[in-house]
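Single-structure report; data block below.
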Amino acid sequence: MAELQRTLVLVKPDGMQRGLAGTILARLEARGLKIVGLKLLQIDEALARRHYAAHEGKGFFLPLVQYITASPVIAAVFEGPNAVEVVRSTMGATNPVQAAPGTIRGDFALEIGRNLIHGSDSPDSARLEIALFFSEGELLSYPRDTDRWIIES
Ligand code: IDP
Ligand code: MG
């Protein structure tokens with residue numbers, strides 16, 4: 001059986017401003033992933049710098065901090081088998097120019113600096129990122145009646 005994972009998703013400010021939050025979350029939900037955490041928040045500069053610490057010093061770092069703090073975002077934790085990789089493949093490539101049609105970025109975005117969605121890139125970064133946005137008590141474990149039709153166990 002595949003490893004059950006949790007991963008952090010952000011609907012970035014452009015997704016919120018463009019009214020695409022529901023569409024983006026719906027694609028992940030329809031894939032079969034389960035929402036186990038969800039909140040609307042405004043990311044401040046300190047949180048943005050921690051979340052994107054791996055990119056500090058790169059040319060796009062400051063514009064990236066400005067972008068992610070420019071408007072409220074939705075933070076969500078999705079759970080499922082191989083959730084990290086499944087979210088990444090559903091998002092599409094970082095640069096929407098290279099993102100395949102059918103992916104979120106490939107269907108709704110044009111530029112790397114306005115690419116709509118964040119998804120953790122590994123189980124380790126997922127654990128760190130989830131802890132930045134959610135306390136343990138804000139994450140819920142619950143069965144869905146449909147789980148056995150989505151996950152072969
Ligand atoms: P990811 O979001 O697909 O994991 P990362 O390489 O982790 O991509 O970069 C984080 C975010 O930084 C990207 O989603 C994008 O918003 C922004 N970014 C990455 N590379 C560039 C760039 O070359 N120019 C402008 N923005 C970039
Ligand atoms: Mg990344």
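Every number for a ligand or one of its atoms is a count from 1 in the order of the listing.
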query: Is there side-chain contact between Asp124 and Arg127, with heavy atoms separated by less than 4.5 Å?
result: yes
Find out whether Asn115 and Tyr67 are in side-chain contact, i.e. whether some heavy atom of one side chain is under 4.5 Å from a heavy atom of the other. yes
re atom 3 (O) of ligand 1, the protein heavy-atom contact at minimum distance is Thr94 OG1, 2.5 Å
Mark the output for Lys12 as yes if a heavy-atom distance to ligand 1 is under 4.0 Å, and as no if none is.
yes
| query | Are the side chain of Lys34 and the backbone N or O of Asp147 linked by a donor-acceptor pair below 3.5 Å? | reply | no
query = Would you call the rings of His118 and His51 parallel, tilted or perpendicular if under 30° counts as parallel and over 60° as perpendicular?
reply = perpendicular
Indicate yes or no: at least one non-hydrogen side-chain atom of Leu41 is less than 4.5 angstrom from one of Pro72. no
Going by the 4.0 angstrom heavy-atom rule, the piece of Arg105 near ligand 1 is side chain
Short version for Asn115: what comes under 4.0 Å of ligand 1, heavy atoms counted, is side chain
**Report entry** Heavy-atom check, side chain of Thr94 versus side chain of Arg105, under 4.5 Å
**Finding:** yes
Atom 22 (C) of ligand 1 sits nearest the protein heavy atom Phe60 CD2, 3.5 Å
Nearest non-hydrogen protein atom to atom 9 (O) of ligand 1, with distance, is His55 NE2, 3.3 Å
Numbered in order shown, the ligand 1 atoms found under 4.0 Å of a heavy atom of Tyr52 are 10 (C)
- Query: Does at least one non-hydrogen atom of Arg88 fall below 4.0 angstrom from an atom of ligand 1?
  - Reply: yes
re atom 11 (C) of ligand 1, the protein heavy-atom contact at minimum distance is Leu64 CD1, 3.9 Å
closest protein heavy atom to atom 15 (C) of ligand 1 is Ile112 O, 3.3 Å
Side chains of Arg18 and Thr23: any donor to acceptor distance under 3.5 Å? no
